[in-house]
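One structure below.
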Amino acid sequence: MLYDFPLQSRLLLGTAGYPSPHILEQSIQASQTQIITVSLRREGMAGGAQFRQLLQQANTKILPNTAGCYSVKEAVTTAHMAREVFDTPWIKLEVIGHADTLQPNPFGLVEAARILCEEGFQVFPYTTEDLVLAEKLVQVGCKVLMPWASPIGSGQGLRNIEGLRAIRAYFSDIPLIVDAGIGAPSQATQVMEMGFDAVLLNTAVAKAKDPIQMADAFKHAIVAGRMAYEAGLMPKRDMAHASTPAYGLADLF
């Protein structure tokens, strides 16, 4: 559940950077996602009406985002505009603090989240795996957290596995969506095997040689990872452990 929205598909898909609107539409269908993220900047550019029609035909829930915002004021203003345009209290909150890594500004992020939560928004904050920052976001009213795997668009995958394990264990009752840095279906599977609730990705699909096929691949990878988590992965051992017991083997000596 994401703010009382029943989650069936655990893949959230971005809508930026696709070769064409048709390929975007087909990729959304192939992914079977229920939720797509949309930047207000993307929606408002030339061809915005056509893009809006595509979103309506996709029959998915829209999660607007504040991508590209570097200040609290800019993020809050963009969130207000997004609520008017898309008629939703949902907002994926980004307050960027570093231009090269696109790492969130922790101070600005918490302040913007506080303002928006008080104004009735349902905030999905893009954050790091930092436990202190995550705790502050929960305290100001966020009921979902979106920790990164690695910098946006980098495709580096899970750069701090132990940090992600810690945030999953610490916030066991809060939906956690890993957002940013996932570049391959195997990385998405790894996220889901760790018990995260969903994965949000964009570049890995949009920039693939065949985005439609890649969207389908991620769909299956995330299902497989979740199934493995629910089935219960075997624990790692320091030494070999024979699968066939020695007891009952024939004594040939």
Side-chain angles (χ1 to χ4, degrees), residues 1-39 42-43 50-65 67 82 86-92 122 124 126 143-149 152-153 155 157-158 168 175-231 233:
M1 299 287 285
L2 301 177
Y3 289 106
D4 297 324
F5 178 77
L7 193 65
Q8 296 175 343
S9 169
R10 295 178 182 271
L11 171 59
L12 285 66
L13 196 64
T15 56
Y18 285 79
S20 71
H22 174 71
I23 290 178
L24 169 59
E25 182 179 16
Q26 293 299 308
S27 297
I28 292 172
Q29 292 179 3
S31 72
Q32 294 186 1
T33 184
Q34 293 173 277
I35 302 170
I36 55 177
T37 62
V38 179
S39 168
R42 172 66 179 88
E43 195 278 338
Q50 180 185 6
F51 183 63
R52 194 179 304 116
Q53 183 180 12
L54 185 155
L55 298 180
Q56 293 172 347
Q57 294 174 344
N59 194 30
T60 56
K61 191 168 181 64
I62 293 176
L63 174 60
N65 65 54
F86 298 109
D87 190 26
T88 177
W90 278 22
I91 191 72
K92 179 193 169 189
Q122 296 175 338
F124 294 67
Y126 160 65
K143 296 182 180 179
V144 175
L145 297 173
M146 304 184 75
W148 69 351
I152 294 173
L158 285 64
R168 176 68 284 178
L176 299 181
I177 303 169
V178 171
D179 173 24
I182 299 297
S186 57
Q187 296 167 357
T189 298
Q190 187 178 12
V191 167
M192 300 308 297
E193 288 174 347
M194 293 167 63
F196 285 89
D197 296 280
V199 172
L200 192 160
L201 54 91
N202 187 151
T203 307
V205 172
K207 299 303 183 182
K209 183 171 66 174
D210 186 339
I212 300 168
Q213 186 173 354
M214 186 61 76
D216 187 47
F218 270 105
K219 174 191 70 179
H220 292 292
I222 287 172
V223 169
R226 184 65 186 184
M227 289 179 65
Y229 170 74
E230 292 176 345
L233 296 168

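Residue numbers start at 1 and run along the sequence shown.
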- Query: For the atom pair CZ (Phe124) and CG (Asp179), what is the distance rounded to the nearest 0.5 Å?
  - Reply: 11.5 Å
- Only pairs at least two apart or in different chains count here, so list each side chain to side chain donor-acceptor pair (under 3.5 Å) that has a residue in residues 204-217. Asp216-Lys219, Asp216-His220
- Taking atom CD1 of Ile182 and atom CD1 of Ile152, what is their separation to the nearest 0.5 Å? 12.5 Å
- Pairs where residues 20-33 contributes a residue and the test side chain to side chain donor-acceptor pair (under 3.5 Å) is met, not counting sequence neighbours: none
- Minimal heavy-atom distance between Met1 and Pro6, with the atoms involved, is SD-CA, 3.5 Å
- Item | Residues which pass side-chain contact (heavy atoms from CB on, under 4.5 Å) with Pro19, listed by chain and number, not counting sequence neighbours | Ile23, Pro211
- Do you know the tightest heavy-atom contact between Phe218 and Gly183? CZ-C, 4.2 Å
- Query: Between Ile91 and Ala82, what is the shortest heavy-atom contact and its length?
  - Reply: CD1-CB, 4.0 Å
- Task: Would you check if Thr88 and Ile62 make a side-chain contact, meaning some heavy-atom pair closer than 4.5 Å?
- Result: no
Which donor-acceptor pairs under 3.5 Å do the side chains of residues 190-203 make with protein atoms, sequence neighbours left out?
residue : atom : partner : partner atom : Å
Asp197  : OD2  : Arg168  : NH1          : 2.7
Asp197  : OD2  : Leu176  : N            : 2.9
Asn202  : OD1  : Thr15   : N            : 3.4
Asn202  : OD1  : Ala16   : N            : 3.1
Asn202  : ND2  : Ala16   : O            : 2.8

- How long is the gap from CG on Leu11 to CZ on Arg226, to the nearest 0.5 Å? 14.5 Å
- Query: Does any N or O in the side chain of Tyr3 come within less than 3.5 Å of the main-chain N or O of Lys143, such that one atom is a donor and the other an acceptor?
  - Reply: yes
- Query: Does any non-hydrogen side-chain atom of Leu2 lie less than 4.5 Å from one of Ile35?
  - Reply: yes
- Taking side chain to side chain donor-acceptor pair (under 3.5 Å) as the test, write out the residues that go with Gln8, two or more places apart. none
- Item | Leu12 CG to Lys92 NZ distance, which is reported to the nearest 0.5 Å | 9.5 Å
- Note on the structure: Heavy atoms of Leu54 and Pro21 approach each other most closely as CD1-O, 3.2 Å
- Task: Apply ring-ring contact (aromatic ring centres under 6.0 Å, His included) to Phe5 and list each qualifying residue two or more places apart in sequence or on a separate chain.
- Result: Trp90
- Query: In Å, rounded to the nearest 0.5 Å, how long is the span from CG of Leu24 to CG of Leu13?
  - Reply: 7.5 Å
- Query: Nearest heavy-atom pair of Gly14 and Thr37: which atoms, and what distance?
  - Reply: CA-OG1, 3.2 Å
- side-chain contact (heavy atoms from CB on, under 4.5 Å) partners of Ala184, counting only residues at least two apart: Ser186, Gln187
